[in-house]
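Okay, structure first, notes after.
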Amino acid sequence: MNSAAADKEPLDIPPVPSWWNRRHLLDTESLSVEEITAILDTADQFKQVTDQGRQTLSVLSNQIVANVFFEDSTRTRTSFGLAARRLGAQVVEFSASSSSLSKGETLIDTAKTIEAMQVDLMVVRHRTPGTPQLLAQNVDCALINAGDGPHEHPTQGGSQEGLTIALVGDINHSRTARSNIWALKKLGAHVIVCGPSTLVSPLWESLGVEVSYDFDEVVPRCDVLNLLRIQFERQYTRPFPSVREYALLYAMNKERMKRAKDDILIMAPGPINRGVEITPDVADGPHSVILDQVTNGIAVRMAVLWLIAHPGADPQGGD
Ligand code: CP
């Protein structure tokens, strides 16, 4: 965005903090509390702007955002696409399954080829941890991690300051668990990770979280339950005898809801597997904010795109 374009925008467009110098968003692990707070505050302001009925701004009208997805997505891809368009950017979509990767093109050549079409910002998802970091070292454009294997998914992190939050399920294989833990701990939440021992290593304690294998003991203590999918596609061995047994011990269902706090919030990064980590009555019930997360995710991604794309950012800064 040039300054002339900025002058035409209404005053309620959130300003980029003068100290913001992050060029890429690759993880939440390296984010400071100030950076997390800036993203959340900016998201809150963008949500107010778009809730007022103004769906499309023009603050990124000279930017091209590429959604570069090597792995399937419903929420993240659509959300980044909508967020970029609401800021006025052009969006190009890349899908690995219909690309020249099948003809032997390398990952880095693919990224450089997309960048050569004057793309300013890439949103990258890949099943291999570290892919966004690798590409950020090989392209000049800004880059956002939209999920790299089990490593991180920084725009899917949580923000419940000072509360007790349990992440329940397949913690070991979950990128959203990692991104949530880094962000939530920095914001002062008490975080519990809970699930079967085959999916919740005691080593998680080293990140300052409580580890529990007893969901029934955890439920009454929580302000928020974040129910994670069993990520069979990332597992090499079956982690429990049957889905039925898993659901018996760890699914959030109406019996467990009776023992939860009256104002418990039920969250899930999605996609949800009904009848596995959550029963339909809970997923669709009054305590569920799962679809609100999807809606609010657009504002979070608008904030990240706006901050990362801001021309005042120091190209040497951040990661
Ligand atoms: N939570 C999440 O990343 O969903 P998608 O895989 O549908 O993008």
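Both ligands and their constituent atoms are indexed starting at 1 by order of listing.
- Note on ring orientation: taking the six-membered ring where Trp is involved, the planes of W306 and F46 are perpendicular (angle over 60°, cut-offs 30° and 60°).
- Not a single ring pair (Phe, Tyr, Trp, His ring centres under 6.0 Å) links F215 to another residue, sequence neighbours left out.
- Looking at heavy atoms from C-beta onward, E233 lies out of side-chain contact with E71 at the 4.5 angstrom threshold.
- Residues with a heavy atom under 4.0 Å from ligand 1: S73, T74, R75, T76, R125, H153, Q156, P269, G270.
- Figure legend: R301 and F80 shown as a cation-pi pair, the cationic atom lying under 6.0 angstrom from the six-membered ring centre and within 45 degrees of its axis.
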>> With side chain to side chain donor-acceptor pair (under 3.5 Å) as the criterion, how do S179 and Q156 come out once you've worked through the C-alpha distance, each side chain's angles and the decisive distance to 0.1 Å?
In response: CA-CA 7 Å; S179 292; Q156 195 74 52; over 6 Å; no

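- At a threshold of 4.0 Å, the pair E29-R178 does not count as salt-bridged, since none of the basic side-chain nitrogens sits closer than that to a carboxylate oxygen.
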